[in-house]
Every structure is written in C-alpha cells, then in structure tokens.
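Hydrogens, waters and symmetry mates play no part in the numbers below; they use all other heavy atoms, side chains included. Just so you know, ligand 1 is whichever comes first in the structure, and atom 1 is the first atom listed for that ligand.
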Amino acid sequence: MNIILIGPPGAGKGTQAARLVEERNMVQLSTGDMLRAAKSSGTEMGKMVAGVMERGELVTDEIVIGLIEEQLTTADADGGFIFDGFPRTLAQADALAVSLDKVGQKLDTVVQMTVDDEALVKRITGRFTCGNCGEGYHDEFKAPAKADTCDKCGETGTFKRRADDNEDALKTRLMAYYKETSPLIGYYYAKGMLQQVDGLGSIGGVADDIAAALKKAG
Ligand code: AP5
Ligand code: MG
Ligand code: ZN
C-alpha cells in the first residue's frame, strides 16, 4: 500500500510515519529528512538548499522530484511507501503519479492530518530529535524518560533541534503550506483519494485513526 501523509508543519507526519514503518514494514520517504541529510553530509545540493530550508521556503520541484524518483527505483518496499512531506505542489503531485506508474505502482490513499495553527506552534517549538537514531521527541508531549538520554537507542547528549523550528521560519513554512500545498487537498479529493484524520488527538489516537483510514482504502 502506498500512501501520502499531508498536513502543515508540525501536524505529526513524521511521528506517524515512524510508527507505520515499525508496525507495517513500510518505507518512509520524507523529502525533508533527505534534504537535511544532504545538508549535513555537505553535498553540493545540500549546500544549495540550506538557506532556503532555514528560511522555511520550498526547495525547487526539480530537486525533490529527483530525490523521490531515486528512492522509488532503488528502495525495497514490500510494505509500500509512505510519502511524508511530498508532494507539496501540484507539479510534484503530477510527477509522483508519473513516477509511480513507471515502476508499476499506484497511490492507494491520501491521509490529510488536520491541526489548528496554535497547536502547530506549540508542537514545532517543543520538538527535538535524537541525532544518533532519529527518534523524535517533544518537551511536553513526548519527553524522554531520562532527560538527555534517548529512550530508543540509549545514547546521551545527542538531542538536537532543527534550524527552521523558530517562529519566523515557521510563519514562512505555514504560508508555503497554505499557498502551495493546500491545493493538493482539493486535487486528491477530486480523485476520490482523500481521507481526513483529526491530528489533534494523542499520538496513539491519531495512529488508530490512520489505521482505520488505511483499512478503508485497502
Ligand atoms: P519537512 O521536514 O517536511 O517539514 P514540515 O512539513 O514543516 O513538517 P515537520 O517535519 O516540521 O512536521 P511533521 O508533520 O513531520 O511533525 P512531527 O511528526 O515532527 O520540510 C522541511 C523543509 O524542507 C521545508 O520547509 C522545505 O524547505 C523543504 N522541503 C521538504 N520537502 C519538500 C518538498 N516536497 N518540496 C519543496 N521543499 C521541501 O511532529 C512535530 C512535533 O509534535 C514533535 O515534537 C512530535 O513529538 C509532536 N507530536 C506529533 N504528533 C503529536 C500529537 N498527536 N500530540 C502531541 N504532540 C505530537
Ligand atoms: Mg517531519
Ligand atoms: Zn536515539
């Protein structure tokens, strides 16, 4: 099953994708994670996108479509793909349809995660991740059992915060979402593929709602 998780910054796309990977053996394709990896490994492309990302603007369609195409042809995904943070523009959505078709795959459903703007600010400003294993945390909603130690991998002193998780960049990211990405909701609705889940519930509650949506689609 191939699915898109769509929602504003902080909606919980990455959090839920990680659960689906563990529970269903799916492969998470997060263009945000791929771009951050390119940035930290210092590739030419990574250097090019660093400033754009830090400001909260969108990277060009060409770059992210290239990243996704590469993964679709090389990744081994028996459990299917979760597209997290991609597509974000209509051009990306069209390109995804073509790329999936090329590898003999199709999209099964699109899950829109709705969260109000006030909650997003709270989620984004409290977020941090483990630099060793990538586990995501939150100061209030998902604090590690022992401050400074990762619950998942046990490493200490590896927690880091994203350069674009500040109020200024978040404003730009929200604007990009409403201007460029929200038209995709109508696009997938018209295709009969859209399902909505309330992203404001607990992490486990949202996971249950997504599981129900996937069942409906499968
Ligand atoms: P990207 O990395 O995709 O960032 P984003 O869309 O802004 O989304 P986030 O990762 O911030 O939020 P999320 O929904 O994953 O939330 P999370 O699960 O972490 O993109 C970053 C940048 O890369 C873009 O700005 C752009 O520059 C570029 N880019 C990426 N893709 C692109 C594309 N396709 N085209 C062009 N440019 C692109 O949750 C947030 C926090 O809330 C966490 O702390 C979590 O623990 C907590 N939380 C989650 N769920 C709950 C819950 N139910 N209750 C309470 N807390 C919760
Ligand atoms: Mg994310
Ligand atoms: Zn860890």
Side-chain angles (χ1 to χ4, degrees), residues 4-19 28-39 46 48-68 82-93 95-96 111-115 119-144 148-166 169-177 180-181 184 197-210:
I4 294 175
L5 295 181
I6 191 167
K13 304 178 295 291
T15 302
Q16 296 298 331
R19 289 182 71 120
Q28 176 188 10
L29 297 184
S30 159
T31 40
D33 287 348
M34 294 175 207
L35 292 166
R36 278 185 289 279
K39 199 176 111 182
M48 217 163 76
V49 298
V52 175
M53 290 178 74
E54 220 152 294
R55 289 192 297 276
E57 295 161 7
L58 291 187
V59 169
T60 65
D61 288 337
E62 199 187 350
I63 290 178
V64 290
I65 290 167
L67 287 171
I68 288 288
I82 309 156
F83 298 96
D84 159 10
F86 179 94
R88 254 177 158 92
T89 63
L90 288 166
Q92 292 177 25
L96 176 62
V111 178
Q112 180 195 359
M113 304 176 67
T114 60
V115 181
L120 297 177
V121 176
K122 240 185 156 182
R123 286 194 187 175
I124 292 283
T125 50
R127 170 171 59 185
F128 57 96
T129 51
C130 171
N132 182 47
C133 74
E135 182 72 354
Y137 292 96
H138 190 281
D139 291 324
E140 192 181 327
F141 309 127
K142 196 185 161 194
D148 216 33
T149 304
C150 177
D151 291 341
K152 194 174 180 190
C153 72
E155 285 290 318
T156 302
T158 57
F159 292 146
K160 55 177 193 187
R161 292 182 192 253
R162 266 169 54 175
D164 60 345
D165 278 353
N166 56 73
L170 179 58
K171 269 187 205 147
T172 310
R173 285 158 66 194
L174 271 175
M175 195 63 83
Y177 178 77
E180 308 278 349
T181 309
L184 296 183
V197 303
D198 179 4
L200 274 179
S202 66
I203 293 176
V206 176
D208 291 344
D209 290 348
I210 291 177

Pick whichever of Gln92, Arg127, Arg36 has a heavy atom sitting closest to atom 35 (N) of ligand 1.
Gln92

Using a strict 4.0 Å cut-off to heavy atoms of Gly32, name the atoms of ligand 1 that fall inside it.
1 (P), 2 (O), 20 (O), 30 (C), 31 (N)

How many angstroms lie between CZ in Phe83 and NZ in Lys13, if you round to the nearest 0.5 Å?
15.5 Å

Give a yes/no on ligand 1: does Ala11 have at least one heavy atom closer than 4.0 angstrom to it?
yes

Taking the side chain as every heavy atom from C-beta outward, state whether Pro144 and Thr149 have any pair of such atoms under 4.5 Å apart.
no

With heavy-atom distances below 4.5 Å as the criterion, would you say the side chains of Arg36 and Met53 are in contact?
yes

Side-chain contact, heavy-atom cut-off 4.5 Å: Thr172 with Asp164?
no

Minimum distance, heavy atoms only, to atom 48 (N) of ligand 1: which one of Arg19, Met34, Arg123 is it?
Arg123

Using side-chain heavy atoms (C-beta onward) and a distance below 4.5 Å, is Ile4 in contact with Leu96?
yes

Going by an N to O cut-off under 4.0 Å, is there a salt bridge joining Asp165 and Arg173?
yes

Would you call Asp84 and Gln16 a side-chain contact if the rule is heavy atoms closer than 4.5 Å?
no

Does Ile124 come within less than 4.0 angstrom of ligand 1, counting non-hydrogen atoms of the residue?
yes

Nearest 0.5 angstrom please: Asp61 CG to Arg88 CZ, how far?
11.5 Å

Within the 4.5 Å heavy-atom criterion, are Gln92 and Thr31 side-chain neighbours or not?
no

Considering only heavy atoms of Gly85, which atoms of ligand 1 have at least one such atom less than 4.0 Å away?
31 (N), 32 (C), 33 (C), 34 (N)

Any heavy atom of Arg55 sitting closer than 4.0 Å to ligand 1?
no

Close-contact set for ligand 1 against Thr15 heavy atoms, below 4.0 Å
17 (P), 18 (O), 39 (O), 45 (C), 49 (C)

Drop me the distance from Ile63's CD1 to Met48's CE, to the nearest 0.5 angstrom.
3.5 Å

Element-labelled atoms of ligand 1 that are located less than 4.0 Å from some non-hydrogen atom of Gly14
13 (P), 15 (O), 18 (O)

One pair to check against side chain to side chain contact (heavy atoms under 4.5 Å, CB included): Val52 and Thr60. What are the steps and the verdict?
CA-CA 10 Å; Val52 175; Thr60 65; over 6 Å; no

Within less than 4.0 angstrom of ligand 1, does Gln16 place any heavy atom?
no

Taking the non-hydrogen atoms of Ser202, is any one of them nearer than 4.0 angstrom to ligand 1?
yes

Using the Zn ion (ligand 3) as the vertex, how large is the angle between SG of Cys153 and SG of Cys130, rounded to 10 degrees?
110°

Angular separation of Cys133 SG and Cys150 SG about the Zn ion (ligand 3), given to 10°
110°

Quick check: does Arg173 get an N/O under 3.5 Å from an N/O on ligand 1?
yes

Have a look at ligand 1 and work out which part of Leu35, if any, has a heavy atom under 4.0 Å from it: side chain, backbone, both or neither.
side chain

Ligand 1-proximal atoms of Met113, by part, heavy-atom distance under 4.0 Å:
neither

Gap between atom CG of Asp139 and atom NZ of Lys122 - 0.5 Å precision
11.0 Å

Heavy-atom nearest option to atom 44 (O) of ligand 1, drawn from Tyr137, Tyr177, Phe141:
Tyr137

Which is closest to atom 16 (O) of ligand 1 in terms of heavy atoms, Gly12, Ala169, Gly201, Ala50?
Gly12

Could you work out, for atom 21 (C) of ligand 1, the closest of Glu57, His138, Arg162, Lys39 by heavy-atom distance?
Arg162

Indicate yes or no: does Asp151 engage Lys142 in a salt bridge with an N to O separation below 4.0 Å.
no

Between Val64 and ligand 1, which part of the residue brings a heavy atom under 4.0 Å of the ligand: side chain, backbone, both or neither?
side chain

Check ligand 1 against Thr31 and write out every atom of the ligand that is under 4.0 Å from a heavy-atom position of the residue.
30 (C), 31 (N), 32 (C), 33 (C), 34 (N)

Enter the distance from Glu155:CD to Cys133:SG here, rounded to the nearest 0.5 Å.
9.0 Å

The one among Lys13, Arg88, Glu54 that brings a heavy atom closest to atom 3 (O) of ligand 1:
Arg88

Taking only non-hydrogen atoms of Gly7, do any sit less than 4.0 angstrom from ligand 1?
no

